[in-house]
Amino acid sequence: MSTIDHLPPLRSVIRDHDLSARKSMGQNFLLDLNLTAKIARQAGDLSACDVLEIGPGPGGLTRGLLAQGARRVLAIEKDARCLPALAEIAAVYPGRLEVMNGDALEIDPLSALTPPIRVAANLPYNVGTELLVRWLTPQIWPPYWQSLTLMFQREVAERIVARPGSKAYGRLAILAQWRADARIVMQLPPDAFTPPPKVSSSVVQITALPAPRYPADPYVLSKVVAMAFNQRRKMLRAALKGLGPDIEDRLLAAGIEPTERAERVSLEGFCALARAVAAT
Ligand SMILES: C[S@@+](CC[C@H](N)C(=O)[O-])C[C@H]1O[C@@H](n2cnc3c(N)ncnc32)[C@H](O)[C@@H]1O
């Protein structure tokens with residue numbers, strides 16, 4: 001049986017290329033091409049975009065992104081065993097799929113991409129959060145990406161879209177929602193993957209805003225938020241005392257009670273605090 005792109009079904013690809021899943025590589029493959037097509041559609045209009053994909057594996061999502069009309073896909077895959085399968089996809093989409101073999105934590109793909117850029121990935125769970133934090137804390141505005149369409153374990157997805165007052169609210173929510181709209185667009189049970197992971201998964205759609213929601217220096221905001229949530233049970237005047245002896249005045253200038261705890265402070269409040277700290 002062949003699919004719409006005239007490539008073999010993913011089970012055959014895995015068998016023919018001997019791609020037995022490796023836990024050490026965070027390999028939980030999506031073999032249902034209807035599902036990967038659905039995730040690719042969540043990424044929006046790809047026709048004018050370069051798409052960065054991390055961890056294409058046997059290429060299910062890659063095929064979805066290309067069939068969806070992506071101008072070009074740059075895929076970074078650590079496991080060299082996947083390269084022949086990906087080369088077969090590249091042959092069906094001439095000039096539109098480039099694969100880099102290596103660790104996404106060590107490769108900076110920016111110079112190889114032409115804006116507008118979207119990122120789409122069924123991320124290896126062991127590196128997903130670290131990659132997201134990097135994408136959320138670039139040195140420049142606007143971010144180099146228009147959108148991030150990313151699979152995470154459900155608990156991490158909930159941290160990205162969390163609101164103040166919830167246990168999930170923290171650094172990920174603030175960094176994501178400061179510069180983007182973030183929402184969960186799909187939920188996937190473990191048995192959607194081969195092999196099934198222990199946890200459920202969610203696809204998060206993070207769409208860059210034309211400008212940050214509130215003014216703040218990204219470095220200062222990042223630092224303040226990291227410190228505040230590092231000791232999330234402490235009052236802010238204690239958690240942030242490393243920012244200087246006058247931290248209580250800074251908190252008050254931002255309209256925040258020094259006895260407040262980080263998880264009850266809104267995004268707007270943290271941006272005001274970043275401005276008050278930067279004014280030192
Ligand atoms: C959860 S699987 C997803 C595979 C495929 N995209 C799919 O949806 O079926 C994660 C993929 O990321 C790759 N990977 C793991 N760590 C990586 C890293 N540090 N850099 C790049 N790829 C990595 C794995 O080899 C695997 O192919």
Side-chain angles (χ1 to χ4, degrees), residues 3 5 7-43 51-68 70 73-90 97-110 112-113 118-135 148-157 185-204:
T3 57
D5 55 18
L7 285 157
L10 286 162
R11 281 190 196 284
S12 315
V13 172
I14 286 189
R15 189 195 54 225
D16 295 349
H17 294 285
D18 198 15
L19 296 179
S20 50
R22 289 192 177 153
K23 209 173 168 185
S24 60
M25 291 270 188
Q27 291 179 338
N28 301 98
F29 299 132
L30 286 172
L31 302 187
D32 178 347
L33 288 165
N34 290 318
L35 200 52
T36 57
K38 197 170 164 190
I39 297 168
R41 280 197 296 277
Q42 298 291 348
V51 181
L52 172 64
E53 184 189 1
I54 308 298
L61 180 57
T62 320
R63 284 162 67 170
L65 295 166
L66 289 162
Q68 172 78 8
V73 175
L74 174 66
I76 302 177
E77 173 56 62
K78 190 172 176 183
D79 186 351
R81 293 182 309 156
C82 300
L83 300 185
L86 296 167
E88 286 174 9
I89 303 173
L97 172 61
E98 187 184 333
V99 180
M100 289 181 172
N101 181 207
D103 185 338
L105 293 172
E106 286 166 13
I107 295 175
D108 179 2
L110 189 50
L113 292 162
R118 293 188 190 267
V119 181
N122 174 11
L123 288 169
Y125 289 141
N126 47 353
V127 295
T129 311
E130 184 167 346
L131 283 171
L132 177 64
V133 169
R134 288 186 192 187
W135 290 325
L148 311 172
T149 308
L150 304 173
M151 179 90 69
F152 288 101
Q153 60 192 88
R154 184 171 300 179
E155 178 224 8
V156 176
V185 291
M186 280 172 75
Q187 306 275 19
L188 286 90
D191 64 10
F193 301 84
T194 303
K198 288 202 174 66
V199 292
S200 295
S201 304
S202 307
V203 177
V204 185

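Values reported hereafter were calculated over all heavy atoms of this structure, with side chains retained and with hydrogens, waters and symmetry mates removed. Just so we're clear, the structure is a prediction, and the values are computed from it rather than from any experiment. Start at 1 and go down the list; that is how both ligands and their atoms are numbered.
Every protein residue with a heavy atom nearer than 4.0 Å to ligand 1 is included here: M25, G26, Q27, N28, F29, L30, E53, G55, P56, G57, I76, E77, K78, D79, G102, D103, A104, N122, L123, P124.
Looking at Q187 and S202, their side chains do bring a donor and an acceptor atom within 3.5 Å of each other. Checking Q42 against T149 by side-chain atom types alone, no donor-acceptor pair falls below 3.5 Å.
The two residues Y125 and P197 make their nearest non-hydrogen contact at CE1-CB, 4.4 Å. Between C82 and E77, the shortest heavy-atom distance links the atoms CB-CG, 3.9 Å.
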Show your reasoning for whether side-chain contact (heavy atoms from CB on, under 4.5 Å) applies to D5 and L66. CA-CA 9 Å; D5 55 18; L66 289 162; over 6 Å; no

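Each of V119, V203, V156 was checked for a side chain to side chain contact (heavy atoms under 4.5 Å, CB included) with L150, and the lone residue meeting it is V119.
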